[in-house]
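This report concerns only the one structure given below.
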Amino acid sequence: MIALVDCNNFYVSCERVFQPQLEGRPVVVLSNNDGCLISRSDEAKALGFAMGEPYHLARPRLQQHGVHVFSSNYALYGDMSRRVLRVLSEFTPEVDVYSIDEAFLNLSGMQYCADAGLDAYAQAIRNTVQEHVGIPTAVGVAPTKTLAKLANRLARRQPPTQRVLVLATEEQRWAALSQTAIADVWGIGRRYAPKLMGAGVQTAADLAEASESWVRRHLGGVVGVRLWRELRGQICLDFDPAELAAEPGQPTPGRHSVTCTRSFGQPQRSFAALSEAVATFTSQAAEKLRRHGLAAHVLTVLLGTDKYAPGSGPRTHTAVVTLPTATSDTGELIGVALQKLRQLVRPGTAYHRAGVTLSGLEPAGQAQLSMFGHSAEQLQQRQQLMARLDALNARFGRGTVRHAATGAGDKLWRGRRNMMSALYTTDWQQLWAVRS
DNA sequence: TCTGGGGTCCTAGGACCC
DNA sequence: TCTGGGGTCCTAGGACCC
């Protein structure tokens, strides 16, 4: 059996751990650049605030209702996520991390679990995360990932302290399928939902009862058939516990790309500003690569114009380079990225967004030659340089030591985050103070 | 004035090549 | 009337997820 543990309203919950007076009050957290609402407390949902709503449109109503608003604080959320995962890994060695606030747990073969009963075990997971980290969760348990997602969704209807649902029998599975609207099934999005409803498929049960050939024809071929089988209890989605098992710096299998993109605080026209941004994103992506013990063969530079402006024409412009050898060296990658950027930029165009994707990933350390023709000795020196740079930045904070091309900091292209909470858990200067 | 970011997988047309 | 075909690379975009 597979359990899905989901921290609902995770970012809001993280803020509440350090500001408990916000318990029971409406709270929202904004996306990067203070753009959209991406996490909402139950109270904020009840007031009608929608996922993804633009902040500048919601602001008057947020003020009117006295909603507490936070810019996103990813250093805090990432650290809290690691704490949750540490607790989960005490319940099973096989944890498949799906996102910052969700993980699948393989409970098959857990003797304690069999002894205590699935329901009690799932409840214990929920209670322990709450006690040790202070983050509320819901737990759904079922034979497949898709059914575990479905169980998790239904579990959230329970009162906060009982958000656990196990689908062990055929009766329980069918009852759950019948109670789930087709639009709420994992893998059915805004395009397929209306199409299926038009064909008379209103619930997950209706879909599970359809024929395989019908599903293949109307639901994106093999992807739809996989979903249909999972709903019927047949495992089609791999359980991949590699992410948590890997030591930091060891190669992480399963990952195909690393991206860093940002919208600008203001549209940018100058090559100087764009190149600072691209150099900064490249160095952040390269850091992530090294953290995962990977090197990249392919680099893509992206520039985006105003995607909300009327009119046609491409909104994103990309340029791809295939590197002669895979690398995770920030300096080498910045050099290549800026060269491509120069080809991509059209003078006078206002860009709203830029980014870098590193793909064609392979475990680091396989390359014997540098793309710039460095000797083996020079290559080793550069790798040591990167290791020291990462160590310094880990100790003294991101960007303490960086390449000159990333600029002096505090530039107009950087986004807004005007309402960020403190780095309670990752900065000595901002530790949470408890006064007696 | 102000509309996120990071992933995966798939499709389609044009350029180019043999 | 008839105007190869198959492969790759490149760019762009659609669909889904969190």
Side-chain angles (χ1 to χ4, degrees), chain A residues 4-11 28-39 50-60 62 71-74 77-78 81 96-104 145-146 149 152-153 183-196 219-224 226-227 237-238 240 243 252 254-267 281 284-285 288 292 298 300-309 312-322 340 343-344 350 352-361 412 415-418:
Chain A
L4 173 63
V5 181
D6 182 315
C7 313
N8 348 134
N9 318 337
F10 179 57
Y11 299 165
V28 300
V29 176
L30 306 179
S31 64
N32 247 317
N33 214 8
D34 292 345
C36 299
L37 280 56
I38 53 166
S39 184
M51 179 66 180
E53 206 176 329
Y55 173 55
H56 74 273
L57 297 177
R59 183 146 62 175
L62 289 164
S71 301
S72 40
N73 183 345
Y74 288 107
Y77 310 149
S81 176
D96 181 345
V97 181
Y98 182 68
S99 72
I100 194 167
D101 65 347
E102 273 177 78
F104 293 101
K145 282 186 172 180
T146 306
K149 285 287 279 190
N152 185 284
R153 243 195 126 74
D184 293 338
V185 174
W186 193 38
I188 303 296
R190 65 193 164 90
R191 304 298 294 222
Y192 282 131
K195 192 177 156 190
L196 288 169
L219 207 61
V222 291
V223 180
R226 209 152 42 200
L227 165 61
L237 300 176
D238 289 340
D240 179 15
E243 187 85 14
T252 307
R255 176 183 282 275
H256 297 125
S257 66
V258 167
T259 303
C260 185
T261 73
R262 290 282 180 286
S263 296
F264 300 135
Q266 306 277 324
F281 303 152
Q284 285 177 20
K288 194 164 181 181
H292 289 275
V298 178
T300 306
V301 179
L302 170 153
L303 285 176
T305 55
D306 185 2
K307 64 177 171 177
Y308 297 99
S312 59
R315 302 292 206 261
T316 60
H317 303 272
T318 57
V320 185
V321 212
T322 301
K340 273 289 150 187
Q343 297 169 12
L344 205 55
H352 289 231
R353 199 163 63 96
V356 171
T357 297
L358 302 174
S359 53
L361 306 185
L412 278 177
R416 291 172 297 275
R417 17 150 60 167
N418 297 324

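In what follows, chains are A, B, ... by sequence order, proteins preceding strands, each numbered from 1. Predicted model only: the values in this text are computed from it and were never measured.
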Checklist entry - Which part of the nucleic acid does A:Glu102 contact within heavy-atom distance under 4.0 Å: base, sugar-phosphate only, or nothing? => result sugar-phosphate
### Message
Can you confirm whether A:Arg315 sits close enough to A:Tyr308 that some side-chain heavy atom of one is under 4.5 Å from a side-chain heavy atom of the other?
### Response
no
For A:Ser359, the side-chain contact (heavy atoms from CB on, under 4.5 Å) test, sequence neighbours excluded, returns A:Ser257, A:Val298
inquiry  = Once you apply a heavy-atom cut-off of 4.0 Å, does A:Asp34 come out as touching a base, just sugar-phosphate, or nothing?
reply    = nothing
| query | So what does A:Lys195 touch, heavy atoms closer than 4.0 Å: a base, only the sugar-phosphate, or nothing? | reply | nothing
Outermost contacting nts on DNA chain C, any atom under 4.0 Å from chain A heavy atoms, listed 5' then 3', are C:dT11 to C:dC18
Hits for salt bridge (Lys or Arg N to Asp or Glu O under 4.0 Å) against A:Lys145, two or more places apart or cross-chain, chain-then-number order -> A:Asp96
Residues at least two apart in sequence or cross-chain that pass side-chain hydrogen bond (donor to acceptor under 3.5 Å, both in side chains) with A:Ser99, listed by chain then number, are A:Asp101
Residues at least two apart in sequence or cross-chain that pass side-chain contact (heavy atoms from CB on, under 4.5 Å) with A:Asn33, listed by chain then number, are A:Ser263, A:Arg416
- Task: Would you mind classifying the nucleic acid contact of A:Val185 as base, sugar-phosphate or nothing, using non-hydrogen atoms under 4.0 angstrom?
- Result: sugar-phosphate
Margin query: Counting the atoms with a prime plus P, OP1 and OP2 as sugar-phosphate, which does A:Ser72 contact under 4.0 Å by heavy atoms, base, sugar-phosphate, or nothing?
Written below: nothing
What is the nucleic acid contact for A:Val223, judged by heavy atoms within less than 4.0 Å: base, sugar-phosphate only, or nothing? nothing
Pairing string of DNA chain C (Watson-Crick or G-U wobble, both atom distances under 3.5 Å; | = paired to other strand) is ....||||||||||||||
Taken in chain and number order and not counting sequence neighbours, the residues that satisfy ring-ring contact (aromatic ring centres under 6.0 Å, His included) with A:Tyr77 are A:Tyr11, A:Tyr74
Considering only distance and modelled atom types, tabulate donor-acceptor pairs under 3.5 Å from the side chains of residues 187-195 of chain A, sequence neighbours left out.
from, atom 1, to, atom 2, distance (Å)
A:Lys195, NZ, A:His218, O, 3.3

Practice item. Please work out whether the ring planes of A:Trp186 and A:Tyr98 are parallel, tilted or perpendicular, with thresholds of 30° and 60°. Key: perpendicular
Worksheet entry | Sidechain-backbone polar pair: A:Thr146 side chain, A:Leu227 backbone, donor-acceptor under 3.5 Å | no
By salt bridge (Lys or Arg N to Asp or Glu O under 4.0 Å), A:Asp34 pairs with (sequence neighbours left out) none
Residues passing the salt bridge (Lys or Arg N to Asp or Glu O under 4.0 Å) test with A:Arg262, sequence neighbours excluded, are none
Exercise for the section: Give one of base, sugar-phosphate or nothing for A:Thr357, where a contact means two heavy atoms less than 4.0 Å apart. Expected result: nothing
Across the strands shown, which category fits A:Lys288 at heavy-atom distances under 4.0 angstrom: base, sugar-phosphate, nothing?
sugar-phosphate
message: Heavy atoms only, 4.0 Å cut-off, all strands: where does A:Asn32 land among base, sugar-phosphate and nothing?
response: sugar-phosphate
Expressed as a whole number of Å, how far does the C1' atom of B:dC2 sit from that of C:dC16?
-> 28 Å
Between A:Thr261 and A:Phe264, whichever has its closest DNA chain B nucleotide further toward 5' is A:Phe264
(Q) Can you check the distance between C:dC18 and B:dT3, where both ends of the measurement are the P atom (answer in whole Å)? (A) 24 Å
Sequence neighbours excluded, the answer for side-chain contact (heavy atoms from CB on, under 4.5 Å) partners of A:Leu57 is A:Pro54
Under a 4.0 Å heavy-atom cutoff, the residues of residues 50-59 of chain A touching DNA chain B are A:Pro54, A:His56
